[in-house]
Q: 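Take a look at the following structure, please.
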Amino acid sequence: MRPIQVRTHAVRTAHENIDRTLRSADVILTQFDRTLEAEREIQKGPHENLQGFLDAVDRLRTIERFFSSNRSYRSSDGVLNHVNALLSKALVKMEGEFQNQLSQRSKPMEPDRLFDCLPSTLRPSSESQPEGGKNTSSENQQNPEAAVYSPPALIEPKFVPLLSKLAQQLVQAGCQQQCSEIYSEARASALESSLKNLGVEKLSKDEVQKMPWEILESKIGNWIHFMRIAVKLLFAGERQLCDQVFECSQSLRDKCFAAITKNSLATLLSFGEAIAMSKRSPEKLFVLLDMYEIMCELQTEIDTIFVGESCSQMRDSALSLTKCLAQTAQKTFSDFEEAVEKDATKNIHTDGTVHPLTSYVINYVKFLFDYQSTLKQLFQEFKKEDGTGSELAAVTMKIMQALQNNLDAKAKQYKDPALMHIFLMNNIHYIVKSVRRSEAKDLLGDDWIQRHRRIVQQNANQYRRIAWSKVLQCLSGQGLTSSGGSGQVGSEGGNSSGASRAAVKERFRSFNVLFEEIYQKQCSWSVPDTELRESLRLAVAEILLPAYRSFIKRFGPLIENSKAPGKYVKHTPEQLELLLGNLFEGKQERA
């Protein structure tokens, strides 16, 4: 039985070997069939059926792994050489297809499409969004950060997965560099064209600094709008697309994004740097604050979008511009305070009205209060080491004091002391009234307002005393009466007792001359504020009319019985009151 058992075992082992060989042959034949199928797809190329082409590449990689791990097969080396040749051919075709797909799909974004992605308050078609600096950066704008932005699809979403698969295959094949260059070149070109269509210009710093202010101001307003669109829409969209296409490699995402956006961001930041480095002047403060606001608003997003080591220089450049704008704005603010105090314009108005410097400074300060939060942030950035940094209230008070010092100096140019006080009264009143009607009221406080109202009243009192003292002396009885004098004419109470008719005539004559002179002069003076003008007229009437009535009542009878009494008593008290109503109108009048 032993020999039979041996032969039976041998036959069984042979059958098992045959079965194993047949199975291996079947597997190898299947790999051959799959290789042929994949080869046909590779030969056709990716144009007709990109997904089928990518599936064929995946099959070839599987086949490569199979024969690499089964090198004992006699055909392994030949098959591996063939498969690798097919993969090399596929790789060339994938690079071409990757480039072709990106060229076809990477179209510049039209401005209208970008505007549709903005919050309604920031769209150019919105009535609430005129062009210009502050309108684009602060008026959104209780909270611009909370506004909803919808980054556009830079490439149709249905093509993004295919691009991602192509990129993954290229990366797996070790072609990261070629893949990165192809992608970055296509997307950078589209991004730069999008910005150009929007209106972004490549200007040198020298060109910007030589530009007329009227043109430059408009371009700054546009730049603020461009920065918001670039960061919140275009750069955000490019980051999103990079993350989707290069899902397989974080480092490649960052590297490509940096290469795509580097030049575009540099163009935008270069304009801002040119403005920050240009010659400082007061009118530039507001646009500097606008630019500082938008950079502060975008800084968090810039840090988020431009993430990674590849983008570190761009993050630093944006932060550097923000700090440079803050520094220039702070210096411009200081320059303004100094310029107000040292303003040496000699063209004071002959009528004592509000000086242009006063209205300019007050309007300037009013505009500053639109930037309260920005200025507080600005001052905080330059906070002193002792922790007592410049606050908006303190700085505003300094500007107001500088203005008042300048007005005091300008007032001395008036040769008429009365007109000097009219000038100071008009200007300080204008300041107080403007402050009371603005947000500066809460900042400067009631004490400041009351103190300056007293200054207005003091100047009004000084004017009244200086301008009318000689007239009032004419209406005084002092020096007109003497005991036992002749020419006495009784009147109620005998108030003209002892008065000389000639002396009374002379007093009336002097009064008429002085009043006519003052009247003509002060009619040409101007008190532009209606309420203040009426108050001042009333103050004059309160001292002049009672004195005039008393003088006529006391000494008028001496004149009435004389020859041509109208020559001396030219005005009744009522007529005089009407004439006072013509004062401070800025017109030439005769009594």
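Quick caveat, the model's predicted, so the values are computed rather than measured.
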Q: Ring-plane angle category for Phe511 and Phe515, please: parallel below 30°, perpendicular beyond 60°, tilted otherwise.
A: parallel

Q: Donor-acceptor pair, His349 side chain versus Asp351 backbone, under 3.5 Å?
A: no

Q: Walk me through it: do Phe555 and Tyr568 pass the test ring-ring contact (aromatic ring centres under 6.0 Å, His included)?
A: CA-CA 11 Å; Phe555 299 106; Tyr568 303 102; over 10 Å; no

Q: So, taking the atom named CD in Gln404 and the one named CD1 in Ile455, what distance separates them when rounded to the nearest 0.5 Å?
A: 4.5 Å

Q: Working to the nearest 0.5 angstrom, can you tell me the gap between Leu268 CG and Leu298 CG?
A: 10.5 Å

Q: Under the 3.5 angstrom rule, does the side chain of Arg549 hit a backbone N or O of Pro573 as a donor-acceptor pair?
A: no

Q: Could you give the distance from CD1 (Ile229) to CG (Leu118), rounded to the nearest 0.5 Å?
A: 5.0 Å

Q: Mind telling me whether Tyr364 and Phe336 have parallel, tilted or perpendicular rings, with 30° and 60° as the class edges?
A: parallel

Q: Hey, what do you get for CZ (Arg280) to CG (Leu285), rounding to the nearest 0.5 Å?
A: 11.5 Å

Q: Pairing donors with acceptors under 3.5 angstrom, does anything connect the side chains of Gln457 and Arg454?
A: no

Q: Check whether any side-chain N or O of Ser550 sits under 3.5 Å from a backbone N or O of Pro546 as a donor-acceptor pair, and report yes or no.
A: no

Q: Any donor and acceptor pair, going by atom type alone, linking the side chain of Arg507 with main-chain N or O of Ser476 inside 3.5 Å?
A: yes

Q: side-chain contact (heavy atoms from CB on, under 4.5 Å) with Asn459: which of His421, Met420, His429, Arg464?
A: His421

Q: Verify the distance criterion only: is there a donor paired with an acceptor across the side chains of Lys284 and Ser278 at less than 3.5 Å?
A: yes

Q: Kindly indicate whether the side chain of Met425, heavy atoms from C-beta on, has any atom under 4.5 Å from the side chain of Gln462.
A: no

Q: Are the side chain of Ser218 and the backbone of Glu214 linked by a donor-acceptor contact shorter than 3.5 Å?
A: no

Q: Looking just at side-chain N and O atoms, do Gln401 and Asn405 make a donor-acceptor pair shorter than 3.5 Å?
A: yes

Q: Looking at Lys219 and Glu201, is any side-chain nitrogen of the basic one under 4.0 Å from a carboxylate oxygen of the acidic one?
A: yes

Q: If we ignore hydrogens and angles and just use 3.5 Å, is the side chain of Ser535 paired with the main-chain N or O of Glu531 as donor and acceptor?
A: no

Q: Would you tell me whether Gln520 and Glu516 have side-chain atoms, one donor and one acceptor, within less than 3.5 Å of each other?
A: yes

Q: Do any N or O atoms from the side chain of Thr328 and from the backbone of Leu325 form a donor-acceptor pair under 3.5 angstrom?
A: no

Q: Considering only heavy atoms from C-beta outward, does the side chain of Leu368 approach that of Leu289 to under 4.5 Å?
A: yes

Q: Any chance the rings of Tyr463 and Phe584 have centres within less than 6.0 Å?
A: yes

Q: Is the Phe551 ring parallel, tilted or perpendicular to the Phe508 ring (thresholds 30°, 60°)?
A: perpendicular

